[in-house]
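Chain letters run A, B, ... following the sequence lines, proteins first and then strands; every chain starts at 1.
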Amino acid sequence: MLKNYHELLGQSLPRLDGEPKVNGWHVYASDVRLPGMLVGRLLRSPHPHAAIRRIDVSAALAIPGVFGVITAADVPDVRFGVLVKDQTLFATDRVRFHGQPVAAVAARNEDIAERALAAIVVDYEVLEPIETLDQAFAPGATLIHLGWEGYEASPVCDRSGNVCNHSRIHYGDVKAALAKAHRVYEHSFTTPLQHAGYTEPRTSVAAWDSNGLVTIHTNCQLPFEVQQVVSEVMQIPLSSVRITVPGIGGGFGGKLRIGMEHYAAVLARHVGRPVRVSCTTEEELIAAHPRQAAHVTVKTAVDREGKLLARVARALIDCGAHAGSGPSVAANTLQLLAGPYEIEALDVQAYAVYTNKVPTGSFRAPSGPMANLAVESQMDIIARDLGLDPLEFRLKNVFTENSKGPVGEKLASVSIAECLNRAAEAIGWVRGNPEANRGKGMACGWWLVAGMSSGVVLRLNGDGTVTMQSGAVEIGTGALSGAAQILADELGLAHSDIHIAMADTQTSPYDYGSQGSRTLFNVGNACRNAAEDFKAQLRQMAGRIYGVPVEEVQIRDRGVVLPDKHVPMVEIAKIVNFREGGLLARGTTFTPGPAFDASRVKNHTLPAWSNPSFFAHAASVDVDEETGEITIRDYVACHDVGYAMNPAAVEGQIQGGVTQALGLALSEEIIYRDGIVQNANLTDYKMPTAQDVPDIRCVLVESPSVSGPHGVKGIGEPPCICPPAAVANAIATATGLRITSLPITAEKIVAARAA
Amino acid sequence: MKAPLTLDVNGMRHELEVSGETTLLDALREELGLTGTKKNCLEAECGVCTVLLDGKAVNSCILLAHQCEGRNITTVEGLARPGSLSPLQQAFIQHGAVQCGFCIPGMLVTAQSYLDELDGRAPDRDEVREAIAGTLCRCTGYSKIVDAIEAEALRLNAARWEAC
């Protein structure tokens with residue numbers, strides 16, 4: 001009789017915002033225009049490291065059409081930052097990276113703004129930049145932040161000089177394990193800075209209204225964090241800042257940390273007009289929040305049978321000039337360095353290190369591909385050396401159900417062996433290298449779901465549809481459309497009966513945000529709870545309206561079912577509005593992490609991973625004998641998604657994530673020389689086009705999570721983790737060459753062949 | 001210096017006054033309010049600004065508006081009547097080819113010009129990939145976009161055989 005029951009779950013339903021995205025009507029932040037709006041632009045440092053002696057803005061201010069020019073002298077002297085408060089809106093006495101904002105102008109149009117920027121005179125005393133991780137990490141290195149000790153910071157960060165966090169997971173007797181080992185292997189790997197590559201530049205439009213409230217229409221991923229930072233920077237109450245996210249052209253973690261919002265807001269206050277600030281592509285490539293560069297060293301000990309005895313590893317994570325997301329990104333490498341493996345003894349350490357380069361962010365699986373490249377490349381090297389099949393060697397060591405994770409947490413729904421076997425089967429895994437210059441490689445891994453809290457508010461509309469308000473931003477993944485599938489299923493409505501409201505800090509319930517592969521997981525759970533509240537209220541109301549006992553009212557089939565009739569939702573919705581003051585319902589969720597052994601872990605923002613997912617990738621590549629050109633012939637990504645709420649959307653996440661990481665594997669790198677970015681344009685910064693990647697084949701495993709809605713696990717970030725290692729291993733099979741630095745270009749292959 | 005300009009966009013004639021440096025992209029977005037065409041790299045690398053000029057896909061960020069006088073311009077808003085969707089637009093939704101959607105207007109008009117050139121011939125996936133290689137999509141990994149275009153090309157191909 002429950003006609004709609006589960007008809008909507010696990011279905012590849014079209015996304016709810018599909019139509020406006022194909023007819024051009026969807027409004028993105030960069031489409032917002034307000035009456036009287038001015039153009040804001042930032043003057044950025046041309047030097048990676050310099051002292052500022054003097055700034056003269058008088059010539060810029062004299063240009064007709066320039067409404068205002070501001071520098072550090074015009075804004076509150078406030079330091080901000082998520083974990084370490086080490087940044088200011090504008091450089092004060094010193095610039096620390098090429099691209100750091102020094103001043104801002106508001107002008108009638110772009111041309112005038114450009115001329116004003118050119119007219120600002122800054123007298124710099126150029127200093128030697130600290131460009132590499134090794135330079136910055138060396139004992140006695142020049143300090144990037146002379147006053148680092150005075151900065152306010154989260155107690156989770158263990159800081160010292162150029163290190164803004166040192167985190168560690170340590171258990172077992174590493175020394176003894178190394179001593180009894182059959183063999184010990186040590187290798188180092190490096191990965192470059194990678195731009196998140198969203199197609200819509202970061203853009204914010206700010207306007208002050210009559211209530212003293214600043215409204216910022218912007219394309220950010222975390223409106224509540226941005227609200228907090230704007231209030232801090234401007235020294236105004238949190239509730240005086242309203243952030244709305246109309247539409248966002250990609251994010252991928254590059255739009256987690258604050259972008260242009262605070263600049264638009266201070267300019268708008270300074271000139272008393274709405275101001276729009278949008279980044280150019282050059283600004284995006286020199287001064288956005290890219291993936292950290294990393295230098296990872298792994299030492300692994302095995303016994304004669306190929307069991308992992310010990311691992312000692314060190315990751316240096318290049319945060320750039322500000323800590324940004326770096327302290328937590330560095331900490332998260334630790335679980336990746338352990339890998340999805342049972343290891344007798346472990347000592348893994350990560351250092352978040354300042355350099356005179358671009359401050360970095362939380363690009364999709366922030367620490368994932370860097371640590372995974374090291375661990376999974378080395379797993380292949382060891383297997384080869386021991387004469388084992390890389391698949392067999394991994395299967396010998398992977399977690400099983402109830403294994404203990406690195407911090408002693410008990411693991412559930414462990415599917416890593418199944419993922420490995422199914423990826424191998426799909427790619428046609430063969431041992432060894434049957435064809436010259438052609439080879440297969442694999443890699444596997446695990447990743448968390450960031451928990452924290454989400455709230456959802458539901459409103460029954462007068463036409464019987466339901467509006468779902470969430471503070472999570474629909475960044476394109478379809479996560480909110482998936483949450484609406486859960487909600488419609490619970491309420492007995494059609495998927496298209498659910499309207500998703502725009503994220504708006506003034507009206508949306510709090511949400512920890514679209515990050516950490518958590519949106520469908522957490523918003524979905526909040527939707528289930530909100531649906532319970534909704535149904536309880538509606539049954540009460542229907543009982544009163546129709547004079548029937550509450551227990552005889554059912555909510556299904558797009559309406560209310562009474563003992564003698566079915567009342568369509570549109571009908572009861574009108575009566576609820578007239579007689580009951582409408583219906584608002586609410587649901588929340590909070591997912592705690594698992595119990596763990598705190599003595600094993602230090603200075604970690606997410607010490608024990610919640611509801612982890614498992615995955616294995618396999619690649620088949622050709623390498624040109626002469627040119628070294630690499631072609632991905634076939635690629636399989638097998639992911640345990642817990643439950644595929646919308647299989648097409650899940651595949652879209654996998655295919656997109658793999659493609660981004662293939663970019664990191666083969667072509668993408670923000671290149672610095674003497675502290676200056678050399679390739680700040682999309683001709684020289686090479687992201688994969690449709691011709692650079694094959695059809696990514698997805699294999700879905702559904703081993704339900706403990707606490708996700710209907711068993712859902714996270715899928716946003718995991719697809720980004722394995723591709724570099726899988727490709728590096730395939731190249732090693734094809735050529736016998738082990739390339740240990742990304743991107744693996746044809747030039748590196750040719751050079752390695754010559755060596 | 002602004003100068004008069006007549007632009008034919010989506011079957012409608014517009015009389016404008018824009019400077020000689022105004023790009024077609026800015027004329028469409030800022031003068032005509034056709035914000036479906038997107039703005040990003042401004043150097044013809046990303047393809048989000050693609051429109052059809054006399055049926056051919058071009059990057060509107062590097063074309064001057066005055067160069068387009070007397071030409072027929074089609075933007076994403078012109079692919080179907082307001083309130084309805086073309087079969088290609090529907091295929092994009094049905095195949096899950098849309099995520100953040102920012103590249104989609106450029107992808108759609110590029111795909112439309114490819115389908116027009118294909119003229120009912122059977123499609124080839126590599127050829128589809130080549131056709132859309134000028135537009136970057138960071139969300140989808142392209143497979144589902146290729147699926148959608150291929151499905152629509154196959155439908156047109158079948159329709160041509162039926163017509164014979």
- Where is the tightest heavy-atom contact between A:V22 and B:F92, given as atom of each residue plus distance? CG1-CB, 4.1 Å
- Task: Considering non-hydrogen atoms only, spot the tightest contact between A:Y28 and B:F102 and give its length.
- Result: OH-N, 3.3 Å
Side chain / backbone / both / neither for [X] at chain B, heavy atoms under 4.5 Å:
{"X": "A:T689", "answer": "both"}
{"X": "A:E19", "answer": "both"}
{"X": "A:E474", "answer": "neither"}
{"X": "A:V693", "answer": "both"}
{"X": "A:N681", "answer": "both"}
{"X": "A:P688", "answer": "both"}
{"X": "A:L682", "answer": "both"}

- Message: Can a donor-acceptor pair be found, under 3.5 Å and without considering hydrogens, that links the side chain of B:Q99 to the backbone of A:G652?
- Response: yes
- Message: I need the contact set between residues 34-57 of chain B and chain A: heavy-atom distance under 4.5 Å, sorted by residue number.
- Response: B:T35, B:G36, B:K38, B:K39, B:N40, B:C41, B:E43, B:E45, B:C46, B:V48
- Are there residues of residues 137-149 of chain B that reach to under 4.5 Å of chain A by heavy atoms, and which ones? B:R138, B:C139, B:T140, B:G141, B:Y142, B:S143, B:K144
- Determine whether more than 12 heavy atoms belonging to other residues, nucleotides or ligands lie under 6.0 Å from atom CD of B:E130. no
- Item | Heavy atoms of other groups near A:E282 CD, more than 12 under 6.0 Å | no
- Approximate separation, where rounding is to 0.5 Å, of A:S12 OG and B:H95 NE2: 11.5 Å
- Rounded to the nearest 0.5 Å, how far apart are CD1 of B:I104 and NZ of A:K21? 9.0 Å
Relative to chain A, which segment of [X] carries a heavy atom at a distance below 4.5 Å: side chain, backbone, both, or neither?
{"X": "B:E30", "result": "side chain"}
{"X": "B:L136", "result": "both"}
{"X": "B:Q94", "result": "side chain"}
{"X": "B:A133", "result": "both"}
{"X": "B:L108", "result": "side chain"}

- Task: Indicate yes or no: at least one non-hydrogen side-chain atom of B:C100 is less than 4.5 angstrom from one of A:Y198.
- Result: no
- Do the side chains of A:N23 and B:V76 get nearer than 4.5 Å, heavy atoms only? no
- Under 4.5 Å, counting heavy-atom pairs only, tell me which of A:I696, A:T683, A:T281 racks up the most with chain B. A:T683
